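What you see below is based on every heavy atom in this structure, not just the backbone, and it leaves out hydrogens, waters and symmetry mates. This structure is a prediction, so every number in the text was calculated from the model and none was measured.
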Amino acid sequence: MVLSMTRLFSILQLRAPLVGLLGVTVMMVVGMRFGFRDWDQGPGAAWLVSLGIPAAALLVALSIFAVALQPQTQLRDMNRMLTGQSWAHWHYDEADWKAANYIEGRREREQRNPYTVPLCAAAVGLVMVAAGAAAGAHGVIVIGVTIAFVALLYLAAVGTALLSHGTLMARGRPRGEVYISSLGVYRRPGGYAALHAFGFRLREVDFVDATNETPAYLRFTVRAKGELWPLTDVVVPPGREEEARALVQRFQTEVLTSR
């Protein structure tokens with residue numbers, strides 16, 4: 001059970017929504033408990049409503065995600081990879097693993113969002129709440145709570161989005177390995193990136209030659225919302241270039257032509 005949950009959390013497209021849903025649920029509990037603080041039904045009833053409604057909403061959201069994302073497919077694919085049924089399995093020494101994380105992390109650096117504005121907004125909202133509480137101004141408290149809630153919700157969305165990058169945990173280890181199948185790319189450590197999931201499909205697999213600054217790598221591109229997006233870049237270990245080119249050809253003949 002613990003192993004299954006660990007691998008479930010390894011699915012990058014599922015990791016961020018799970019953490020995001022849990023964060024929103026906690027914020028809903030806090031907000032509703034604050035809203036029902038003077039409810040005449042008593043504190044027990046207030047806690048029951050404040051916990052029950054967010055918990056029910058969380059269960060509904062998890063059920064929708066389970067149907068839409070179908071994590072059982074990714075879990076089966078990871079199990080097949082680990083039992084020797086992957087299309088490619090590459091090990092990286094320290095230098096190659098560092099290069100692999102650098103190449104994959106470029107998209108993460110390009111997609112970073114500023115934190116300054118929402119942090120300031122959250123601080124202003126909390127100050128308004130404290131000032132309103134001291135002055136007994138209910139309207140100021142409501143406005144402050146709203147501002148802080150929106151700002152924190154934005155920060156939660158940005159923070160959990162970083163969980164969908166495979167380099168977040170990969171940088172913590174000096175060495176690593178990558179499995180590739182027709183359904184996904186599994187970094188250990190790092191996580192599993194599905195190549196086909198709800199809302200996007202694999203459209204291109206390209207071999208990018210090495211340059212003076214970067215090693216050779218495979219780029220997996222998906223189509224989402226009518227546009228092409230680079231999903232993940234996998235560095236090719238030295239000496240595996242021909243295997244990587246053959247892998248691209250296999251994707252083109254067995255996967256991409258059928259979609």
If you apply the rule side chain to side chain contact (heavy atoms under 4.5 Å, CB included), what do you find for T214 with T211, and how did you get there? CA-CA 5 Å; T214 61; T211 65; 3.1 Å; yes
Quick one: does V124's side chain get under 4.5 Å of V127's, heavy atoms only? no
Does a side chain donor of either D77 or Y186 reach within less than 3.5 Å of an acceptor in the other side chain? no
Looking at Q252 and V205, what are the two nearest heavy atoms and their distance? NE2-O, 4.0 Å
Smallest heavy-atom separation, P237 atom then H91 atom, equals CG-O, 4.0 Å
Quick one: pull up CG in L256 and CZ in R201 and give me the separation to the nearest 0.5 Å. 13.0 Å
Is it the case that T232 and R187 place a side-chain donor and acceptor less than 3.5 Å from each other? yes
When you group the ILVMFWY residues by side-chain heavy-atom contacts below 4.5 Å and let the links chain together, are F220 and W229 in the same group? yes
Between T83 and Q85, do the side chains contain a donor N or O and an acceptor N or O under 3.5 Å apart? yes
In Å, rounded to the nearest 0.5 Å, how long is the span from CG of L183 to OG of S86? 12.0 Å
Can you confirm whether T221 sits close enough to L231 that some side-chain heavy atom of one is under 4.5 Å from a side-chain heavy atom of the other? no
Smallest separation among heavy atoms of W90 and A244, with atom names: CH2-CB, 3.9 Å
Quick one, M78 with I11, criterion side chain to side chain contact (heavy atoms under 4.5 Å, CB included). Give me CA distance, side-chain angles, the key distance, then yes/no. CA-CA 10 Å; M78 281 189 279; I11 303 173; 3.8 Å; yes
What are the two closest heavy atoms between Y179 and R188, and how far apart are they? CE1-CD, 3.7 Å
How about I180 and M81: do any of their side-chain heavy atoms sit closer than 4.5 Å? no
Under 3.5 Å donor-acceptor, D206 side chain and V208 backbone: no
Please examine the side chains of L195 and V222, heavy atoms only from C-beta on, and report whether any two atoms are closer than 4.5 Å. no
Sub-3.5 Å donor-acceptor pair from the side chain of Y217 to the main-chain atoms of D209, do we have one? no
To the nearest 0.5 Å, how far apart are CG in L48 and CD1 in I53? 9.0 Å
Are L59 and L51 connected, step by step, through hydrophobic side chains (Ile, Leu, Val, Met, Phe, Trp, Tyr) whose heavy atoms are closer than 4.5 Å? no
Between CD of E254 and CD of Q249, what distance do you get to the nearest 0.5 Å? 10.0 Å
How about F251 and W87: are their ring centres within less than 6.0 Å of each other? yes
Nearest atoms (heavy-atom pairs only) where P215 meets A99: CG-CB, 4.2 Å
To the nearest 0.5 Å, what is the distance between CG (L202) and OG (S182)? 10.0 Å
Side-chain touch H89/V178, heavy atoms, less than 4.5 angstrom: no
Smallest heavy-atom separation, A216 atom then F207 atom, equals CB-CZ, 3.8 Å
Contact check, side chains of Y92 and N101, non-hydrogen atoms, under 4.5 Å: no
Going by an N to O cut-off under 4.0 Å, is there a salt bridge joining R240 and D96? no
Inspect the contact between R219 and D233 and indicate whether a charged nitrogen and a carboxylate oxygen are less than 4.0 angstrom apart. yes
